[in-house]
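Contents: one structure, followed by commentary.
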Amino acid sequence: MKSMTVALSGGVDSVVLLHLLHQLQKTQTFTLKASHVHHGLSKNADKWVTFCEKLCRKLSIPLDVNYVKLPQKKSLGIEGEARRLRYEKLLQSKSDLVVLAHHEYDQAETFLLQLIRGAGVKGLSSMAHFDDSRRLWRPLLNASKIDIESYAKKHKLKWIEDESNQNIDFDRNFIRSKVLPLLKNRFNHIIKVISRSSSHLAEAQHLLDDLAQIDLKSSLKSDNYKRKLNVKTLDKLSNARAKNALRFWLEMNDQLMPSRDLLDELLRQVLTAKKDATIKIQLSKEFEIRRYQDEIYIVPKNLQTNKNYEMIWAGESEIILPNGQKLMFKKVKGRGINLKFLNHQKLIIRNRQGGEFFKPHSKRPTKKIKQLLQESDLPPWERENLPLFFVGEDLAFVPNFGIDMKFQTKPRELGLEVIF
């Protein structure tokens, strides 16, 4: 591993982790830096930044300090929103691994929290040692709190105490200070037992994910242009396997897991509605599920159709359209819009206004964009928001349909690829 970023709060766990990895650098070759997130929730937050800065300066470890502000509407609660923002900042790191100081007590707390919330197999499997998709590593997950504190005292490390850890109004703190000590007093090995159960459930979740990939192998289609799932694939499965496939698909598209009732209702409507029926099911505050023909789609809930917008590409790698959709630009060889046409003319992006013609194939006739859209399998909401790319006054590129013959790039020529 070439580079690591440690999530440094300043507490004993993360201080010990940073010290361990710093020691490891004496025998292993990798770069190490730390990242601290300032939530501003405590009156001591600035002091914690100062502490982390001094510690990293002493160890000659670079430190990134990220200042975040919790939203006024905390749909996930204070703890949840703080955790979401913390991970959001950590995952922006370009290191090969983001290293977290979670230990076996944290694992037990997470398990009990998920149990109280009625979580399924995935939630109860709690935290993984390695999370490949997010580049997360938790090397202390099997270490006890006692071992961590003993290490800190042995090496005469200093750390800070977060006063909010004593506030039992927070569910995690209540479990930590009230529930777990009671269980441990009665069942001495409860922490290890919970950790073992979490591992069993994690293995079960891997099997469920493998099963979902088998069930979706021939029908799941997801790319930068649209996300959709074939309804006929779900219809062939048992109810339990169909729900498992839906969960897998939603997670693959970075969606929060719906409640059991919402998942049941979603599956019922998707499988029983007529092919031409309009289905629109709210998945979250930001997204909804829609059906068009034999496909279901994850669609931004407040996707707006903007009339008569016009934007000019000025060499950026990314442009956000007025409706929030993102365009990415990359110079490549042998494909895309031929860059020679952009030496003296502008690339203009605008919405469809009617009357546009397009000829992407030499052996096919020129057609109106309206006709191409009607003949395509694009759902109505995507047709309304389809951006068109003009070189001067000529239509050069239509996402999902291709590049006009006149503007196509030959194998050795340089082109501009647009990802929509």
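Predicted, not measured: the structure shown is a model, and the values here were computed from it. Quick note: residue numbers are just sequence positions, from 1.
There is no side-chain donor-acceptor pair under 3.5 Å between Arg138 and His129. Remark: the Glu251 side chain and the Gln255 side chain contain no N/O donor-acceptor pair separated by less than 3.5 Å. Checked by atom type, the side-chain pair Ser150/Asp147 shows no donor-acceptor distance below 3.5 Å. In this model, no donor atom of one side chain and acceptor atom of the other lie less than 3.5 Å apart for Arg247 and Asn244. Residues Asp404 and Gln408 have side chains that never bring a donor and an acceptor to within less than 3.5 angstrom of each other.
Residues Val121 and Ala204 come closest through the heavy atom pair CG1-CB, 4.1 Å. Considering every non-hydrogen atom in both Leu201 and Ser125, the closest pair reads C-CB, 3.7 Å. Taking every heavy atom of both residues into account, Lys243 and Leu267 meet most closely at CG-CD2, 3.7 Å. The heavy-atom pair separating Pro387 from Pro399 by the smallest distance is O-CD, 3.1 Å. The two residues Ile168 and Ser177 come nearest to each other via the heavy atoms CG2-OG, 3.3 Å. The shortest heavy-atom contact between Leu414 and Val332 is CD1-O, 3.2 Å.
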List, one per line, each side-chain donor-acceptor pair under 3.5 Å for residues 8-15, sequence neighbours excluded.
from, atom 1, to, atom 2, distance (Å)
Ser9, OG, Gly11, N, 3.1
Ser9, OG, Ser14, OG, 3.2
Asp13, OD1, Lys145, NZ, 2.9
Asp13, OD2, His103, NE2, 3.2
Asp13, OD2, Lys145, NZ, 3.2
Ser14, OG, Ser9, N, 3.1
Ser14, OG, Gly10, N, 3.2
Ser14, OG, Gly11, O, 3.3

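Annotation: side chain of Phe248 is in contact with side chain of Asp209 (closest heavy-atom distance under 4.5 Å). When side chains are defined from C-beta on, Asn66 does not count as touching His36, because their heavy atoms never get closer than 4.5 Å. Looking at Leu140 and His102, their side chains never come closer than 4.5 Å, going by heavy atoms from C-beta outward. Within the 4.5 Å cutoff, the side chain of Ile349 has heavy atoms near those of the Leu321 side chain. Looking only at side-chain heavy atoms (C-beta outward), Tyr151 and Leu20 come within less than 4.5 Å of each other. When side chains are defined from C-beta on, Glu53 counts as touching Leu63, because their heavy atoms get closer than 4.5 Å. Pro379 has its side chain within reach of Tyr297: a pair of non-hydrogen atoms, C-beta onward, lies under 4.5 Å apart. You'll find the side chain of Phe30 reaches within 4.5 Å of the side chain of Met4, heavy atoms only.
Between the side chain of Glu295 and the main chain of Asn230, a donor-acceptor pair closer than 3.5 Å is present. In this structure, the side chain of Asp394 does not engage the main chain of Phe390 through any donor-acceptor pair within 3.5 Å. Between the side chain of Trp48 and the main chain of Phe51, no donor-acceptor pair closer than 3.5 Å is present. Proximity of a side-chain donor or acceptor of Arg135 to a complementary backbone N or O of Leu91 within less than 3.5 Å is detected. Of the possible polar contacts, none joining the Thr29 side chain to the Gln25 backbone as a donor-acceptor pair under 3.5 Å is found. Side chain of Glu104 to backbone of Leu141: no donor-acceptor contact under 3.5 angstrom is found. Arg291 contributes a side-chain N or O that, together with a main-chain N or O of Val270, makes up a donor-acceptor pair within less than 3.5 Å. Within the 3.5 Å criterion, the main-chain N or O of Leu124 finds a donor-acceptor partner in the side chain of Ser126. Using a distance-only test at 3.5 Å, with no hydrogens or angles considered, no donor-acceptor pair links the side chain of Ser95 to the main chain of Val98. Judged by distance alone, with hydrogens and angles left aside, the side-chain atoms of Ser195 form no donor-acceptor pair with the main-chain N or O of Ile191 at under 3.5 Å.
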Apply side-chain contact (heavy atoms from CB on, under 4.5 Å) to the pair Phe397 and Phe407, showing each step before the final yes or no. CA-CA 8 Å; Phe397 170 59; Phe407 299 98; over 6 Å; no
Before you tell me yes or no, could you show the steps for Leu271 and Val231 under side-chain contact (heavy atoms from CB on, under 4.5 Å), namely the whole-Å CA-CA distance, both residues' side-chain angles and the distance that decides it to 0.1 Å? CA-CA 7 Å; Leu271 296 182; Val231 174; 4.0 Å; yes
So Thr409 and Ile337, side-chain contact (heavy atoms from CB on, under 4.5 Å) or not? Walk me through it. CA-CA 6 Å; Thr409 303; Ile337 303 169; 5.7 Å; no
Might you work through the side-chain contact (heavy atoms from CB on, under 4.5 Å) test for Leu229 and Ile298, ending with a clear yes or no? CA-CA 9 Å; Leu229 181 62; Ile298 299 172; over 6 Å; no
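Between Glu288 and Arg290 there is a salt bridge, with a side-chain nitrogen of the basic residue lying less than 4.0 Å from a carboxylate oxygen of the acidic one. Using a cutoff of 4.0 Å between basic side-chain nitrogens and carboxylate oxygens, Asp215 and Arg241 are scored as salt-bridged. A salt bridge is absent between Lys331 and Glu417; no separation between the charged side-chain nitrogens and carboxylate oxygens falls under 4.0 Å. Under a 4.0 Å N-O distance rule, the pair Asp235/Lys232 does not qualify as a salt bridge.
Taking a 6.0 Å sphere around CD of Glu318, one finds it holds more than 12 heavy atoms contributed by other residues, nucleotides or ligands. Atom CD1 of Ile146 has 12 or fewer neighbouring heavy atoms from other residues, nucleotides or ligands inside a 6.0 Å radius. Around atom CZ of Arg134, more than 12 heavy atoms belonging to other residues, nucleotides or ligands sit under 6.0 Å away.
Aromatic ring pairs are classed by plane angle as parallel below 30°, tilted from 30° to 60° and perpendicular above 60°; the pair Phe389 and Phe329 is perpendicular.
Among residues two or more places apart in sequence or in another chain, the salt bridge (charged side-chain N to carboxylate O under 4.0 Å, His left out) test is passed with Asp106 by none. Partners of Asp162 by salt bridge (charged side-chain N to carboxylate O under 4.0 Å, His left out), not counting sequence neighbours: none found. Among residues two or more places apart in sequence or in another chain, the ring-ring contact (aromatic ring centres under 6.0 Å, His included) test is passed with Phe111 by none. Remark: Lys33 pairs with Asp64 by the salt bridge (charged side-chain N to carboxylate O under 4.0 Å, His left out) rule, at least two apart or across chains.
In this structure, CG on Leu18 lies 8.0 Å from NE2 on His22, to the nearest 0.5 angstrom. A distance of 7.0 Å separates CD1 in Ile281 from CD1 in Ile289, rounded to the nearest 0.5 Å. How far CG of Asn188 is from CG of Leu183: 12.0 Å, rounded to the nearest 0.5 Å. Taking CG of Leu262 as the start and CE of Met257 as the end, the distance is 11.0 Å to the nearest 0.5 Å. Within the model, atoms CG of Leu100 and CG of Leu17 stand 8.0 Å from one another, a figure rounded to the nearest 0.5 Å. The distance from the NZ atom of Lys228 to the CD1 atom of Ile296 is 12.0 Å, given to the nearest 0.5 Å.
Within the structure, the ring pair (Phe, Tyr, Trp, His ring centres under 6.0 Å) test picks out no pair touching residues 176-219 (sequence neighbours left out).
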